Every structure is written in structure tokens, then in C-alpha cells.
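Read through the structure below, which is laid out as C-alpha cells, and then see the notes.
It should be emphasised that the depicted structure is a prediction, and the values quoted were computed from it without experimental measurement. Residue numbering restarts at 1 for every chain, and letters A, B, ... go by the order of the sequence lines.
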There are 2 protein chains.
Amino acid sequence: MIDIKQLQYFVTVAELQHVGRAAEVLNMTQPPLSRQIHLLEEALGASLFVRHPKGVSLTPAGECFYKDAQHLLSSLSQACQNVRDVAQGKAGKLSIGFMMHAAYSIIPKLTKKFMTAYPDVALHLQEVIPSELMKRVQAGEFDAAVMLHPQQIQGVGLIKLCESALCLALPLDHPLTQKSKLSGDDVALEPFIATPHNVAPELRGALQSYAHQYGFEPKVILETQLQQSIINLVAEGLGLALIPEILTKVQFPGVAFRPLQNAPSVEYVMIWRQDSLNPVLSRLVESVESGLEI
Amino acid sequence: MIDIKQLQYFVTVAELQHVGRAAEVLNMTQPPLSRQIHLLEEALGASLFVRHPKGVSLTPAGECFYKDAQHLLSSLSQACQNVRDVAQGKAGKLSIGFMMHAAYSIIPKLTKKFMTAYPDVALHLQEVIPSELMKRVQAGEFDAAVMLHPQQIQGVGLIKLCESALCLALPLDHPLTQKSKLSGDDVALEPFIATPHNVAPELRGALQSYAHQYGFEPKVILETQLQQSIINLVAEGLGLALIPEILTKVQFPGVAFRPLQNAPSVEYVMIWRQDSLNPVLSRLVESVESGLEI
DNA sequence: TATCACGATACAAAAAAGGTATTAAGGATG
DNA sequence: CATCCTTAATACCTTTTTTGTATCGTGATA
């Protein structure tokens, strides 16, 4: 059976055209090298060298095999490098799920920093509704996810990314846009658009408890799973919504944002499967741990 | 040091996800296979498998290395096939020199037959003046050559390709074109264009001896190394020339061909270095030996 | 809790590779 | 033309590596 060692022996002999000198270079003596070359020729079923009294030279078959052997050897060392890179998380694949809120500042910042540090990692970014994120991380479908701080964190690692106060999103032509700061009392009778409780309990809960704080039950007239839709529906004049401030950097046509008195805030975190085998994940966590400045 | 055997072991284990069954497939027992996998992991500096109680599965690094290892193994077997093909002359390079006379029927027939039989051989065809051919075959610059039958054939193999009678090439507007067959007496006083003796002694000698047969010394007014030029100069009306019939199948503008009484003939042969190491050469000789029908 | 299936480990046996000494063969040299 | 020199090949022994047998440790499963 052919052997990597034999390929290296062969290449060395081919380059020096001299078995004895090749043996020196290979830190061995001449006879075993001769023997290995013969074994290789036998295994290939072709003679690779012409033996001259002053050395050896390649036959046409040897020339052909020399090229192939060089490629094989360099491919092998490349493969070794690849596997090391992947094992150390310098290369590989990483899938990250995130909720829409993260799309405008957290995910861009995070991916830019990470991709700069690890250009050989292929990132797969996917936006899904918040309630999916934890499930799919635990199921191993995502290596990590950017989401609101969850209640249950079993089996996952977690790191806080940022906190964002909620503010009021209202249609541009709404009378309340006249005021620069609003309180619960201002909006007690207003219709609200919100995410269903099972999609993003933290967000829906924040609306609920903020309203209770001001002694009213929020009139939620529309529920929608997609966060993007909430803002679009506000723009259509169908109601108000509580939106984290990190979204207000973006211009949404037809929507105004106003700060809230005693505004509740939500916390954004990155989670990941604790028992993940993907070495890239550790690099991502390190990258996030070393600071993100959102 | 990493070893082909280890790659095969690794690929088998990766595919079966089971060390014991892989060992069966590989016709060995489980412990040495386990050990080789460990050695491979150690050599690579990365763990390739996760050990489960019901078998093993690839780590991300293992997945990466699995792809690379498959490529390496198939590249290796391709390389082995290549070297065998080259050794048997089924693939490789073959350089053939030829004189212009062969360009119009011998070389096309020969190359078509050979290339059809051996599509993986790269043919290098080069036309040079006749006197160069033998030298360059002996020097190893050409594997073979198509030329006129030489005097000296030391160190070369030779096979006859065809014989061609010489005929007269004369300008279209020459008075002798009226006659359909010519003899030496008709051309005794005509000016001739011929190749110098040192370029193609056989051709020049044929003109000489044919003239002597009819009792005259040919009046060679122009000599030119390139055979193509001879025909061009005839077309210009500068003189007559003796041309082998195998060239008369081609239309040369301004030139008429007429058969000669008692025409001398020349023999075309293929020669090759007897001690050539190129296995393709043997296939060429076989191909020519089995008949060419020119 | 006992059993089962699997991979890991220990150690002896076998095979392979390497080293030393020598031979054989082809040029170069006197 | 004999001799020497260089180089690869061969013979034989030693060392290293690989394999096989027997056994162990460990999670899952019933």
C-alpha cells in the first residue's frame, strides 16, 4: 500500500536525482530509501526512475507522478491546516438566529467585529420570531441567537448585550406627537398594537406591567408575530406600540417615537448551546465578551 | 506522521460512525483501529470524533477533514491511474517532427489514427527541414519523425510509410503543360529549382540521377531549404521541379503537375529513437505498424 | 440494578522499516 | 585494458511500528 512517507521519499529523490543525497536530506541511509522507492514502483506498477551510474532520472511516468505527488503533499498539508483552523474555531460555519430588533444595530456590530477577526468563518444569519430562537438554539439548529433575556436558560450560555428603554411609537399625524415626552396617563385610552404573549412574553409583559403601573389595562387591538409588522401598522395609523429605543435610530416612514416617563426597559442577550461542539462558537462568545459597544 | 492508511481508516469510521463495524470492513480488529484514529487525531492536533455510547460522530473539524480526506484519497487513486496510463503509453506527450512533404497526407492520416486510439496523448507536431529530422530524433528532441528514407539509421528504428513517384511541377503557363506525359528529354534544357544536397540528399540525388539517365546535367538555377518555397517558385514561373506525387493531391495555384517517364520514386519512413524511454512511442510505432493506408 | 454495547487500554506477537556491511555495475582514469 | 570510483542494489540484523487477544471502563437501557 502506498504511503505518504513514500511520496515524500519519491519527491525528494526526484528533485535531487540522487538516492544517496536524498537519503541524507531525509535523515536516513541509502538502502532503505532505495527499497522504499522500489516498493513504490512496485505498488504503482510502473518504474519511476531510470538508474544511471551517476544518479537517477525520472521516466515520463515518474514526471507525471512527480507532479501529482507534489499536489497530493500540498493538499495534505492544506487539509491538516484546515482541520486545525476548524478545530480552533478560526474557520468553519456558524449559524446565528436573531429577532428583528437586533437587525438594526446589534447584528451588524456583532457580525462586523466577528467577521473582521475570523474572515474564514461562514456566518449564516437568520431572522426568526423571538419565541423560535430559544427552541432552535436548544435543538442545535442555531449555534447562537440574539434575543430578549429569556426566563428559562437551561442548557444555554448567556451574555448580556445591551439594555434598551421602551418608547412609544405613534403615527406621525397622531395628536400626541405634539408632546415631547409622554406618560402612561397620556396613552391609557389609546389602541395598542403588540406581539402576542407566546411570541415575545418579555415585550408583551412590559406593556402590560407599564399599563398596570398607571392603572389601566392596555387596549390591544392588533397582535402580530412579526415585529416589523407592528411598526408598519403604527405607520398606518392603526394604533400605538411600545418599541425599544435601539430601533429608533432608524427612520420608519410615517412613525414618530416619543420617550416614556418611567419607561420599562428590555434586555438583549446572546445565548448559545452550552454543549455545542462547534469551536467557532467559543470564538464568537469571546468576541462578544470582549465588548461590543452598541 | 500521517499516513494514507490512516486516512482510509478515518474515512471508513466516519462513514459508518462505528469503530467496530469499520474495523470489520477494513478486515482488522477494533483496538488497532481505535488506536490509529487516536494517533491521527494527535497528529492533526484536533479531535475528529465525538465518542458516544452507541458509536462515534464527526466533530466540525472531523467533517472538514472528511471532505479533504475523500479528495485526497480520490486524488491519490487518480494519480496512480495516471502514472499507469503514462507508463503504458495510454497517456503522455509525444513530439513528432516531419518534413513538409508529409504535411498533406501522411501526418494527417497518422495523427488521426493515433489520436483516435489514444485521446489522452498530447501530440506535438513540428515541421522542420528534412536534414534536421534525423539529428533531432537522435538528440531526443523528437520522439519520432516522418521523413525520406535516410542512409544512416544508427540508433533509430525505422518503418516504411509509403513510396511516391516523382513528377514534374511546372508553371501553368509553361508550354510543356500541353503534353500529358513528359520524359527527361523534354526537360533537359529547362531550369530547375531544387533543394540543396545537404538539406535533402535523397531528393536532390533523384533529380541528379534522373537527368544523368537522360544524358544531361540538370540546370539548377535556384536552391531553397523550404520545400514549400520550391512550389511557390515554380508557380512564379522561375523553373521546374521534381515533386513527389503525394503532394499533387493538393491544388497549388499556378502550378501544374505532369507524370514523368521512368519516374524515380522516393520512400517516406517514420524513424524513432530506439532507446527512447517514452512509452507512448511504442504505441505510435504499433499504430503505424498496423497499417496506415496513405 | 444488572446488562449490554461500545470504545479504550495493556500487553504480547507479527510485520514493517531502518541501519550496517557488502555486492554489482557502469564510467572515468591512468 | 585494468583499476578505481561512484552509485544503486542486496543481505542480514536491529529497531520500531502495527496488529491481535484479552480485558477494562463507561454510559445507555431494560
Side-chain angles (χ1 to χ4, degrees), chain A residues 1-59 61-62 65-66 69 73 140 155 274-277, chain B residues 1-59 61-62 65-66 69 140 155 274-275 277:
Chain A
M1 184 52 65
I2 293 165
D3 187 352
I4 297 287
K5 219 185 315 183
Q6 289 177 323
L7 295 187
Q8 288 167 329
Y9 289 177
F10 165 71
V11 166
T12 308
V13 174
E15 279 165 359
L16 297 177
Q17 311 224 328
H18 194 292
V19 181
R21 270 195 284 282
E24 263 181 64
V25 170
L26 293 164
N27 284 315
M28 63 192 296
T29 55
Q30 171 263 318
L33 180 55
S34 276
R35 215 160 72 85
Q36 289 301 325
I37 295 292
H38 276 277
L39 287 173
L40 178 62
E41 290 181 316
E42 199 178 326
L44 290 173
S47 68
L48 301 169
F49 292 104
V50 189
R51 275 72 173 177
H52 304 291
K54 281 272 173 190
V56 296
S57 67
L58 288 167
T59 60
F65 194 65
Y66 175 63
L73 290 176
Q274 207 108 49
D275 58 350
S276 165
L277 296 164
Chain B
M1 183 52 65
I2 293 165
D3 186 351
I4 298 287
K5 218 186 315 181
Q6 289 177 323
L7 295 187
Q8 287 167 330
Y9 289 176
F10 165 70
V11 166
T12 307
V13 174
E15 279 164 0
L16 298 177
Q17 310 223 325
H18 194 293
V19 181
R21 271 195 283 282
E24 266 182 63
V25 171
L26 292 165
N27 286 315
M28 64 192 296
T29 54
Q30 171 261 321
L33 180 55
S34 275
R35 217 163 77 83
Q36 288 302 325
I37 295 293
H38 276 277
L39 286 172
L40 178 63
E41 290 181 317
E42 199 178 326
L44 290 172
S47 69
L48 301 169
F49 292 104
V50 190
R51 275 72 174 178
H52 305 291
K54 282 266 173 193
V56 297
S57 67
L58 288 167
T59 60
F65 194 65
Y66 176 62
Q274 207 109 49
D275 59 349
L277 296 164

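When each of D:dT19, D:dT21, C:dG7 is scored by its nearest atom to the side-chain atoms of B:K5, the top-ranked nucleotide is D:dT19. When each of C:dA8, C:dG19, C:dG27 is scored by its nearest atom to the side-chain atoms of A:P53, the top-ranked nucleotide is C:dG27. The nucleotide whose nearest atom lies closest to any side-chain atom of B:P31 is, among C:dT9, D:dG20, D:dT18, C:dT9. The A:Q30 side chain lies nearest to D:dA8 when the options are C:dA17, D:dA8, D:dT19. Listed candidates were D:dA11, D:dA22, D:dT18. Nearest to the side chain of B:R35 is D:dT18. Residue A:V19 has its side chain nearest to D:dA8 when only C:dA17, D:dG27, D:dA8 are considered.
The interatomic distance linking A:I37 (CD1) with C:dG18 (P) rounds to 11 Å, in whole Å. Rounding to whole angstrom units, NZ of residue B:K54 and C1' of C:dT3 are separated by 12 Å. A straight line from CE of B:M28 to P of C:dA15 spans 14 Å, rounded to a whole angstrom. As a whole-Å value, the separation of A:H38 NE2 from C:dA16 C1' is 18 Å. Rounded to an integer number of Å, the gap from B:L33 CG to D:dG20 P is 10 Å. Distance CZ (A:F49) to P (D:dA9): 10 Å, rounded to an integer number of Å. Rounded to whole angstrom, the span from the CG atom of B:N27 across to the P atom of D:dT18 amounts to 19 Å. Whole-Å rounding puts the B:M1 CE to D:dT16 C1' distance at 15 Å.
Residue A:Q36 is in sugar-phosphate contact alone, with no base atom involved, counting any heavy-atom pair closer than 4.0 Å across all strands shown. Within the nucleic acid shown, B:Y9 comes within 4.0 Å of sugar-phosphate atoms alone, with no base atom in reach, counting heavy atoms only. In this structure, B:P32 reaches the bases: a heavy-atom distance under 4.0 Å links it to at least one base atom across the strands shown.
By the salt bridge (Lys or Arg N to Asp or Glu O under 4.0 Å) test, A:R21 is found to be paired with no residue, residues two or more places apart in sequence or in another chain being considered.
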Take B:I2 and B:L44, measure what side-chain contact (heavy atoms from CB on, under 4.5 Å) needs, and give me the verdict at the end. CA-CA 8 Å; B:I2 293 165; B:L44 290 172; 3.5 Å; yes
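The distance from atom CD of B:Q30 to atom CD of B:E24, rounded to the nearest 0.5 Å, is 11.0 Å.
At least one side-chain nitrogen or oxygen of A:H18 sits closer than 4.0 Å to the OP1 or OP2 atom of D:dT7. At least one side-chain nitrogen or oxygen of A:R51 sits closer than 4.0 Å to the OP1 or OP2 atom of D:dA9. Between B:H52 and D:dA28 there is no side-chain N or O to OP1 or OP2 distance below 4.0 Å. Distances shown here put a side-chain N or O of A:S34 below 4.0 Å from the OP1 or OP2 atom of D:dA9.
Between A:F10 and A:Y66, the angle of the ring planes goes over 60°, which puts this pair in the perpendicular group of the 30/60° scheme.
Distance alone, capped at 3.5 Å, is enough to place a donor-acceptor pair between the B:E41 side chain and the B:F49 backbone. Formation of a donor-acceptor pair under 3.5 Å by the B:T59 side chain with backbone atoms of B:S47 is found in this model.
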